[in-house]
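Each remark here refers to the structure printed beneath this line.
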Amino acid sequence: MKKATAAALAAVLVGGAASAAFAQQNPQKPTPQSIAAGKALFEQNCATCHGVSGKGDGPAAVALNPKPANFTTGQFKHGDSDAQIFKTITNGVPGTAMVGWASIPEKSRWDLVNYIKSLAGKK
């Protein structure tokens, strides 16, 4: 199967052309600049629940059930590939307080992926 055809098929399998980003590789290398940009977004949008250090212990976590993810363990409930983390950030997690962040520009969501993975020492 040609690469373009495989990518198109993958896009359909994960929800159509609008979801093609979920089937692709992370276009943002985990550079210090990308990780720093992701960290700034994390502190602004995610730390209230996930905590400043990503341990799932933010000030809002006490009232949440299920509890927010602890990213420092390297265990990601909805998949640990960059594409799976990106999809979780974009769509959120039904039945939890994790809302979708599709309103954040795509490049910035990839920066968030890089930062989240860095919390577990993964790149």
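Across G54 and L119, no two heavy atoms sit closer than the pair CA-CD1, 3.9 Å. Counting all heavy atoms, side chain and backbone alike, G95 lies closest to P66 at O-CD, 3.8 Å. The shortest non-hydrogen separation linking K67 to V62 is NZ-O, 3.1 Å. In terms of heavy atoms, I104 sits closest to R109 at O-NE, 2.7 Å. Across every non-hydrogen atom of P68 and H50, the tightest pair is CB-ND1, 3.6 Å. Heavy atoms only, all atoms of each residue included: A60 and L64 are closest at O-CG, 3.3 Å.
Using a 4.5 Å heavy-atom threshold, the side chains of F76 and T88 count as separate. A 4.5 Å side-chain heavy-atom check between N26 and F86 finds every atom pair outside the cut-off. The shortest side-chain heavy-atom distance between V113 and Y115 does not fall under the 4.5 Å cut-off. Residues H78 and V93 have side chains in contact (heavy-atom distance under 4.5 Å, counting atoms from C-beta outward).
A distance of 4.0 Å separates NZ of K117 from CG of D82, quoted to the nearest 0.5 Å. Here the CD1 atom belonging to I89 is positioned 5.0 Å from the CG atom belonging to L112, to the nearest 0.5 angstrom. N114 contributes atom CG, which lies 11.5 Å from atom CD of Q33 (distance to the nearest 0.5 angstrom).
If you check the side chains of D111 and Q28, you find a donor sitting under 3.5 Å from an acceptor.
In terms of modelled atom types and a separation under 3.5 Å, the side chain of S34 and the main chain of P30 share no donor-acceptor contact. The backbone N or O of K87 sits nowhere less than 3.5 Å from a side-chain atom of T90 that would complete a donor-acceptor pair. Panel note: side chain Q84, backbone S81; a donor-acceptor pair is recorded below 3.5 Å.
Cluster annotation: L41 is connected to V99 through the hydrophobic network of ILVMFWY side chains, with a link wherever side-chain heavy atoms come within less than 4.5 Å.
Below 30°, between 30° and 60°, or above 60°: for F71 and F42 the angle between ring planes is above 60°, a perpendicular geometry.
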